[in-house]
Every structure is written in structure tokens, then in C-alpha cells.
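Data first, discussion second: the structure below is written as C-alpha cells.
Just so we're on the same page: letters track the sequence lines, and every chain starts at 1.
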Amino acid sequence: MTDELAPRLDPRAIEPARYRAWQEGGYFHVPASAVLEDGREPYVIVIPPPNVTAALHMGHGLNNTVQDVLIRWRRMQGRASLWVPGTDHAGIATQNVIERQLAEEGLRRDDLGREKFVERVWEFVAETGGTILEQLKAIGASCDWDRTRFTLDEDLQAAVREVFVSLYEKDLIYRGEYIINWCPRCLTALSNEEAEGEETEGSLWHLRYPLSSASAEAAATASGAGAEAIGQLSDGRWYLTVSTTRPETMLGDTGVAVYPSDARYSGLIGAQVEVPLTGRLIPIVADRHVDPEFGSGMVKVTPAHDKNDFEIAGRTGLELLDVMTPDARMGDHAPEAFRGMDRFEARKAVLAALEAEGLLAGEQHHAHSVPHCYRCHTVVEPRLSEQWFVSMKPLAEPALAASQDGTITFTPGHWKKVYEHWMENIQDWCISRQLWWGHRIPVWYCPCGERIVARVDPTACSKCGGVALEQDPDVLDTWFSSQLWPFSVFGWPKESDDLKAFYPGHTMVTAPEILFFWVARMIMMGYEFQGKAPFTEVYLHGTVRDIHGRKMSKSLGNGIDPMRVVEEFGADAMRYTVISQCAVGTDISLDHEDVEAAFANGRNFANKIWNAGRFALMSLGDAPVRSVESIRGDLALEDEWILSRLEGAAIDATRGLDRFRLHEVAEGLYHFFWGEICDWYLELVKTRLGPNADPATREAARSTLVVVLDQAFRLLHPIVPFVTAELWARLPWPEGSERPGDLIVAPWPTADGGWKNDDVERRMSDFQNLIVEVRRLRKEYGVPDARRIGVDLTGGPDGFADSVVAQLAVFEQLARVDRVGTGHGSGVGANAVLPNGAELFIPLEGVIDVERERSRMLEEVDRLEGHLRGAVARLNNDKFTGNAPADVVQKERDKVAQLDDQASKLRAKLAGLEGGVR
RNA sequence: GGGCGCGUAGCUCAGUUGGUUAGAGCGCUACGUUGACAUCGUAGAGGUCACAGGUUCGAAUCCUGUCGCGCCCA
């Protein structure tokens with residue numbers, strides 16, 4: 001048991017072996033029979049599947065540490081605790097990776113063709129795809145690796161097929177031509193969520209469109225009535241003014257719209273306007289969605305390049321004119337002069353041409369949000385395109401209700417509102433992507449015009465029997481398959497035992513960024529296909545940022561590699577560091593320029609645990625240890641105290657975990673372990689564990705120490721699993737009780753041992769106050785640390801001084817006091833009154849400067865009286881005593897009594913001091 | 001433009017139904033070779049809780065406004 005442990009924790013020497021032992025012990029695996037046959041209550045988390053090509057970053061580190069803490073805790077509570085791991089095929093992201101590789105070889109995806117390209121992606125995935133999961137093992141993630149899934153696995157493809165076809169049959173999936181978000185670089189449609197708005201300092205240009213001569217009279221009338229947007233060009237033609245942030249789109253304008261009852265322009269409705277540079281004439285129409293207050297109150301309508309304009313066109317019958325190509329160059333419908341130009345080039349050219357014709361009315365600074373592709377960051381172009389969509393409104397209903405009625409809870413709570421707001425305003429989801437990597441859309445087209453939507457690949461047309469079927473070339477949005485994750489991982493649509501045992505799951509741990517992308521959609525799919533929400537609690541943790549508050553990212557180069565942290569400081573250090581910062585609703589900030597500073601605290605804590613364990617193991621030796629219950633009568637004050645504190649720590653930790661207050665749990669246990677077990681308990685029992693101690697008291701200390709460490713290691717295990725398990729395995733075990741197979745499955749501590757004892761805690765606190773006071777006075781007067789001193793103690797609660805005398809050995813150990821007198825003492829010395837009213841005198845002839853002692857005591861009296869005055873004033877206020885709850889008033893009275901006692905005794909001592917000196 | 005949130009010690013942040021002498025870690029200062037640990041110990045300094053009003057016996061905590069800073073959705 002006590003083979004030499006290194007004085008410093010070396011995580012590399014223990015972590016990999018521990019992990020292997022857990023895996024080999026089968027502790028991570030949970031079969032369905034654990035629930036279905038053994039009747040254990042399940043606890044299920046499905047991992048937010050990282051992109052298959054990703055390398056672990058700190059965001060994953062945080063996300064998976066949180067999940068592992070919860071999983072380990074529930075496992076210790078006896079739940080059939082299952083954490084399902086896996087990866088996501090990540091359509092665009094992965095395809096981009098491979099395309100970049102090809103580009104380095106001077107190739108494009110078309111050079112390979114679809115089949116070869118997809119093969120190449122599979123090869124890449126096969127080679128590097130598992131990396132991130134291996135990395136998760138290094139941070140201690142206790143996933144059930146036997147259940148590892150990939151969103152493109154065969155049975156997950158079956159789930160996707162089933163869902164697509166089923167939604168199609170229910171008329172919840174449809175195909176149509178609408179304005180979608182288009183990435184001109186990825187050459188694919190995107191969902192609204194995938195087009196990320198970015199605040200941009202741009203311009204708003206005001207353009208003049210000449211009116212046809214037939215409308216001159218109406219224009220003159222409007223102008224005369226004060227419509228500033230109407231005016232006359234130098235050649236006498238009337239014009240109107242419209243504004244845009246994307247001037248190049250004006251080439252596709254097919255109308256100008258005004259608010260129907262806008263008196264300024266009512267005479268112009270139906271008039272014709274010339275689109276400059278094109279020579280086309282377009283009509284002025286009325287539409288109620290025009291905001292008459294914004295700008296001139298007239299808007300140019302470009303139905304093929306703007307969502308709102310598309311809708312206006314739908315209502316007013318305006319033409320659709322697409323003037324761009326898929327890669328956002330000006331296309332065949334644009335005037336020849338601009339054809340082939342990139343959209344931003346065209347923007348400049350259009351502005352220059354308008355300027356030359358005197359049709360540019362002005363440019364205004366304009367901050368607005370510009371959508372960017374969430375994968376490649378190219379500016380997204382709204383574009384008219386035929387795509388597949390999901391009708392979301394009907395799906396959203398039960399998912400919205402689940403939040404409203406509390407079936408699903410959100411932590412932090414304010415996300416509930418955000419979620420509901422989104423659900424209430426949900427829009428249809430564009431799910432087709434013009435990519436090659438992903439779930440192919442299960443739709444086939446026959447030359448006869450028939451469209452076949454099928455679960456199994458058709459061989460012939462169901463209508464004409466023809467075999468020249470063409471499958472839809474597009475694939476599905478990645479999130480279409482990940483939204484099925486909570487049940488697809490269990491084999492659905494097959495009716496599996498796994499599904500029965502583990503659906504629905506319990507906690508979803510993720511980042512707020514993917515609340516809509518993923519979490520909301522999982523909930524909708526859960527209701528639609530399983531009739532139940534996929535989990536009951538959504539815990540949204542913060543974002544990992546650098547010291548300047550910037551999100552850690554590859555492109556900024558401010559990331560920290562978790563593998564490097566594990567290598568240098570250990571997984572325990574990384575875990576403690578992130579969890580101790582994991583306050584509900586706040587981000588994690590780590591210094592990427594000083595990784596040492598960022599993780600030293602965690603490393604030091606793990607080392608502290610290691611050394612406390614090392615000391616305990618050395619002190620305990622190999623002799624049998626009796627159960628603490630069997631020697632209850634022999635326990636010393638500090639034994640009872642630490643057992644009482646232990647129950648408090650267990651209550652706090654359990655409560656905190658229950659409510660996702662992870663940083664409170666981490667810091668609470670840190671304080672308990674370091675501040676109470678190490679700083680006090682271990683120091684207090686050192687002499688009792690020594691060879692010269694009385695056997696009964698030594699056995700009491702040994703039994704207590706074993707219990708305290710056993711239980712403390714259990715409490716700490718979910719956060720710092722490695723160091724605790726390593727030490728726990730070496731801990732001697734009390735006679736008469738069975739030792740669990742591993743700390744990982746040792747039952748989670750409860751507080752039903754009956755050790756909680758307020759009286760013991762108060763008495764211990766009195767003793768601690770005495771020691772701290774003596775230490776402070778020694779420091780105050782520069783008494784060398786090694787020098788033994790005596791003290792005199794009077795007053796205080798009954799038996800206080802006697803109990804201190806009885807603890808003399810400990811007192812000497814902790815404060816270098818080797819004599820305790822139970823009188824007032826005499827001579828020159830330092831004076832204090834403890835909170836419990838005991839008077840302390842430390843004779844320090846020759847050391848004490850009497851003047852200094854007097855001013856020090858005066859300061860102390862002042863401090864006490866300051867607090868006293870505040871409390872007395874409160875009690876003298878009838879409104880306070882009348883309105884405040886009785887226990888608050890009583891607390892105030894107790895405080896006054898204690899402060900008054902302390903202050904008056906100190907004043908008396910002060911008077912004595914002055915009398916004595918003179 | 002709409003919605004949500006944040007300004008507490010030099011730094012990063014806790015502080016959950018209003019009641020403590022406002023806390024932690026890091027950093028800083030002083031002292032320390034007490035055989036678990038210097039990745040340590042002991043002690044200390046450091047805060048008008050952004051600002052201005054209000055509600056209340058009582059406000060870091062609730063309300064209103066101002067200033068500064070984020071995030072989400074248009």
C-alpha cells in the first residue's frame with residue numbers, strides 16, 4: 001500500500017494507466033439490460049458530436065469535461081449512466097477540408113468527379129477521423145466507446161431516410177423556388193442559421209431613377225406637395241430617389257414600391273420608371289410592407305436578389321430577374337458592360353456609371369449587418385433558387401410547449417425566452433445543399449416527370465416503369481442528420497432494446513451558439529418521431545475566451561491545445577481549471593500567452609491532493625483500520641469536526657451538481673480539501689498519527705482519516721478523476737465493510753451518517769480563532785517563527801481554557817505555544833479578546849513596544865465599536881424590530897451582545913495597559 | 001430597429017427568492033529549512049459593489065434613468 005509515491009504528482013505517470021484500467025474494467029459500458037432487466041434508473045447524455053475532421057480545442061475540452069463530471073457523478077449515484085460518443089460528418093466543413101487539399105494538388109472537385117471525390121473524403125475520414133475521440137480519452141471522458149457512432153453510419157443513414165420520407169409524406173417537406181442564402185464560394189444554399197450576420201460599416205447609396213415622360217405631371221404634383229425624393233434632372237426629366245446598400249443589384253430591379261396610402265406618391269402608382277444603365281422600364285407598385293418612414297419611402301424591388309423584394313413581387317406580380325451567376329458574378333441578364341464582373345467589382349462599376357450619368361444622389365455612412373457563410377466567411381448572396389424545405393411551424397408547436405410547460409428546462413434560465421422567441425417566429429428550413437459530402441436526398445426523377453421519394457433506392461419508375469431514374473444531386477444539411485442523434489444512435493428506426501432503455505435521455509450539454517442549429521431541432525424531431533422530448537434539461541455553458549475576451553479560434557491564433565495542457569499539467573489540472581470557472585451564464589477566460597498561469601491553479605490543486613494522500617498513506621501504514629463507527633467514543637474534537645464538515649461538503653456538492661453550479665462545487669470542494677482537510681485537520685492529527693501517540697487516540701485519528709479521505713476522494717472524483725482514483729486505490733480499508741471495485745463506481749457520499757454537529761463546529765471554530773489570533777500577534781511583533789511562547793487565557797465559554805490546555809500538543813504544533821496559563825497573566829505583553837469572549841494575553845517582555853500595543857488595541861476597539869454602533873442603531877429603530885423577521889432581529893441582538901462583550905473587555909485591558917505603564 | 005445580458009479588489013470572476021464585518025483564485029508585500037506538498041506554509045495590504053435617483057426598517061441584490069461593454073434576432 002505504501003510503496004514510495006513521488007513528492008510531486010506526475011500526471012503522465014498515472015493518467016493513461018488509470019484510463020486503461022477503467023476501460024478494461026468495463027466501467028464505461030452500459031448495456032440495455034442494466035435498465036430493462038436490472039431495473040436501474042438510466043441517466044443518458046449524447047455527446048454533441050464534434051466534426052469528424054476536428055482536432056480537440058478548449059471549447060471541446062470544456063464541453064466534454066462538463067459532460068464527464070455529470071456522467072461520473074450520476075454513475076456514482078448508482079444510475080445506469082450512459083454517455084454516447086460519436087462524430088458528425090460535417091458536410092460543408094469536411095468538404096472544404098478536402099477541397100483545400102485538392103487545391104494544393106492543383107485540382108478541383110470537378111476534376112475528380114462526384115464518386116472519386118466522396119471516396120477521397122471517406123479515405124480521409126478513415127485515416128484521421130477518430131483523432132478527436134482519442135483525444136477525449138486523454139482528458140478522461142468516460143464515454144461508452146462500444147457505442148461510438150458517426151452521422152454517416154449505415155443505420156444512421158436509414159434514420160435520415162425514414163425521417164425525410166416520412167416528413168415528405170406528411171407534406172412537411174416540399175421543394176420550391178425561393179430566395180435562399182447562397183454562399184458563392186461553397187456554391188451551395190445555406191439555412192438562415194448558417195448565414196451569420198456581422199456588423200459592418202458600410203454605405204447607403206441614393207440613386208436617381210428617371211420617370212417616363214408620361215408621368216411628368218404626376219411627378220411635378222408630388223414634388224410640389226413636398227416629396228423630396230422627386231426632382232428634375234438637368235435635362236428636365238423627372239426622377240425619383242431610392243436607396244440601397246448593394247447597388248449592383250439594381251441591374252435586376254423590376255419595380256419600385258411605395259406604401260399604398262402614402263399620400264406623397266399616390267399619383268405615381270402605376271407609372272413607369274427607367275432602370276438606369278439597362279434601359280428597362282419598370283412599374284411603380286403599392287405594397288403594405290414598405291416602410292413609408294424609412295429613407296424616401298420608395299424602395300427599389302429586386303425580387304431575385306432579396307427576400308423581402310421577392311415577397312413584394314409575389315404580392316404585386318413583378319417579374320423575377322436574376323442578374324447573377326452562382327459564383328456571384330454578373331450574369332447574362334445584366335447589361336453587357338457588367339457581365340462577368342464579380343459582384344463587388346460590379347458595385348464599383350455601377351456606381352461609377354451612375355455618377356457619370358448624374359444619377360448618383362449621394363452616399364451615406366451606414367452600419368448594418370451583412371450575412372456571412374458560417375464555414376468560409378464569404379459574404380452570403382440572397383439568391384433565387386429551387387431547393388428543398390421543411391415546414392417548421394407544425395413541428396415547432398410541441399417543442400415550444402415543452403419549454404413553456406417546463407418539460408424541458410434551460411440553464412441559465414434566460415435561454416428559455418430566447419428559445420421560445422425563436423420557436424414562435426420560426427421559418428421554414430432550407431435543407432438541400434449543393435455538396436457531394438453528406439446524406440444524398442432520397443428523391444429520384446423519371447424522364448416521364450414522376451418524382452419518387454423512397455426509403456429504398458428505386459430501380460424503376462413507379463408510374464411509367466422506366467429505369468432512367470436520376471437521383472437528386474443534392475445532399476442534406478448536416479444538421480438534418482444530427483437532429484436525429486438522440487435516437488438514431490440507438491438504432492432507430494429499428495425497434496431496439498437500446499432505444500427502449502435509453503430514450504428519452506436526460507441532459508444536453510452544449511454551447512448557446514448551436515441552440516437553434518441543433519438543440520431546438522432535436523427537440524422537434526424527438527416529438528415528431530418518438531413522441532417525447534429527447535432530454536429534460538439543457539445546460540448551456542459559456543464560451544472559452546482568451547485573456548482579452550476574444551473567442552479562442554484557429555484563425556486568431558489565440559487557442560490553447562488541450563493536449564498540450566494534458567501533457568504539461570495533466571488532465572486533472574485542465575478539468576479543475578475549466579470547471580472552477582464554469583459559473584452559470586459566464587464565459588471561461590484563459591491566458592493563451594501564459595498557459596502556466598492559466599492552469600497552475602488546477603495543477604497545484606491536483607498536486608495538493610496528491611501530497612495530502614501521500615502523507616496520509618505514509619502515516620496510516622499497513623496496520624488494520626477500524627471503522628469509525630466502532631471507535632466513536634474515542635473521537636477527538638477535530639475528528640468529529642471534520643466528519644461534520646464532510647457531511648456539509650457532501651450536501652453542498654450534491655446540491656451544486658444538481659443545479660449545474662459547477663464552479664461552486666469545484667471551489668467548495670477545493671476549499672474543503674485544501675482549507676479544512678489539509679490546513680487544519682491534517683495539521684491537527686499529525687502528532688496523533690505519530691509513533692508516540694496514545695493508541696486509542698491514534699486509532700481514532702486513523703479511522704477518521706481513512707473515512708475523510710475516502711469520502712473526499714469520492715466527492716472530488718468527477719472533477720479530478722485521475723489523482724483521486726490513484727490514491728483511493730491505495731487507501732487502507734476499514735474492517736467490516738466491502739470495498740467497491742474502483743473509485744469510479746464508489747457510491748456518491750450522502751449526509752446521512754449523523755455526523756453533522758453544530759456544537760462541535762462552534763467549539764472548533766473557537767479554537768481556530770484562538771490559533772489565528774496568536775499567529776497574528778506573533779507576526780505583529782515579529783516573534784521568530786521557531787520561538788516557543790506561552791499564553792494566558794481567561795473567560796470564554798465554560799471549559800474553553802481547559803480544553804485548550806488539553807490540546808497543548810496541537811497548540812504547539814500550530815502556533816508554537818508551549819504553555820497555557822488559565823489566569824490573566826502579568827507583565828508586558830500583547831492583548832486580545834476572541835469572538836467567544838475569551839481574553840488572551842501573551843507575555844512578551846522585551847518584544848512589545850507599549851505604545852504600539854496601545855494604538856493597535858485602540859484600532860481594534862474602534863473597529864469593534866464601529867460594527868457595534870451600526871448594529872445598535874438598527875436595533876434602536878422600531879421599524880427594524882417591527883418589520884424584520886424575528887430570526888434576523890435575534891441575530892442582530894446576538895451580534896450586539898458578542899461585540900459589546902468583546903469591545904468592553906478589550907477596553908478594560910487597554911485601561912489596564914495604560915495603568916500598568918504609567 | 002427589436003430582444004437578452006453584463007459593469008463588484010491590480011487581473012479573471014463568485015455572490016439564487018433584499019438582512020455576513022462583500023468573498024475566491026491569480027497577482028502583490030513580509031516572514032518561513034516545522035521531513036505530505038516551495039506546484040508549500042503563516043500573516044498582511046487592497047473594494048464609496050459603473051454613475052444618478054427611487055422603493056424599503058434595511059439595497060451589490062428590486063425599480064427608473066444615464067454612461068460604458070457584450071450577445072442574439074431583424
**Prompt:** How would you label the contact of A:Asn601 with the nucleic acid (heavy atoms, under 4.0 Å): base, sugar-phosphate, or nothing?
**Reply:**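 Contact class for A:Asn601: sugar-phosphate only.
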**Request:** Give A:Arg8 one of three labels, base, sugar-phosphate or nothing, depending on what nucleic acid heavy atoms sit under 4.0 Å from its own.
**Result:**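 Counting heavy atoms under 4.0 Å across all strands, the contact made by A:Arg8 includes a base.
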Find the distance [X]:[atom1] to [N]:[atom2] and express it as a whole number of Å.
X        : N      : atom1 : atom2 : answer
A:Asn308 : B:rG1  : CG    : P     : 18 Å
A:Lys417 : B:rC4  : NZ    : P     : 6 Å
A:Leu9   : B:rC40 : CG    : P     : 13 Å
A:Arg856 : B:rA43 : CZ    : C1'   : 13 Å
A:Trp674 : B:rC40 : CH2   : C1'   : 8 Å
A:Glu676 : B:rA24 : CD    : P     : 13 Å
A:Glu420 : B:rG2  : CD    : P     : 22 Å
A:Ile609 : B:rC40 : CD1   : C1'   : 15 Å

**Request:** Check whether the side chains of A:Glu196 and A:Tyr374 place a donor and an acceptor atom closer than 3.5 Å, and report yes or no.
**Result:**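 The answer is no; no qualifying pair exists.
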**Prompt:** Are A:Gln890 and A:Asp894 linked by a side-chain donor-acceptor pair shorter than 3.5 Å?
**Reply:**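 A pair is found: one side chain offers a donor N or O, the other an acceptor, under 3.5 Å apart.
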Any idea which of [options] is nearest the [X] side chain?
X        : options                : value
A:His414 : B:rG25, B:rG5, B:rC37  : B:rG5
A:Phe516 : B:rU21, B:rC73, B:rU39 : B:rC73
A:Asp785 : B:rG44, B:rC37, B:rG41 : B:rG41

Using OP1 and OP2 only, check whether a side-chain N or O of [X] sits under 4.0 Å from [N].
X        : N      : result
A:Arg603 : B:rU39 : no
A:Lys879 : B:rU56 : no
A:Lys608 : B:rG41 : yes

**Residue mapping more 5' on RNA chain B - nearest nucleotide basis, A:Lys895 or A:His663** =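 Per heavy-atom nearest nucleotide, the more 5' residue is A:His663.
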**Paired stretches of RNA chain B - 3 or more consecutive Watson-Crick or G-U pairs, each distance under 3.5 Å** =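 Only these stems qualify: B:1-7 with B:67-73, B:10-13 with B:23-26, B:28-32 with B:40-44, B:50-54 with B:62-66.
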**Message:** Angle between ring planes, A:Phe410 versus A:Tyr419, binned at 30° and 60°: parallel, tilted or perpendicular?
**Reply:**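 Tilted: the ring planes of A:Phe410 and A:Tyr419 meet at 30° to 60°.
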**Request:** Report yes or no: is the cationic atom of A:Lys307 (NZ for Lys, CZ for Arg) under 6.0 Å from the centre of the six-membered ring of A:Tyr178, at an angle within 45° of the ring normal?
**Result:**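 Relative to the ring axis of A:Tyr178, which defines the angle, A:Lys307 lies outside at least one limit.
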**Message:** By the definition side chain to side chain contact (heavy atoms under 4.5 Å, CB included), identify the one residue from A:Leu515, A:Val418, A:Thr411, A:Ile514 that meets it with A:Leu540.
**Reply:**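 Exactly one candidate clears the test, A:Leu515.
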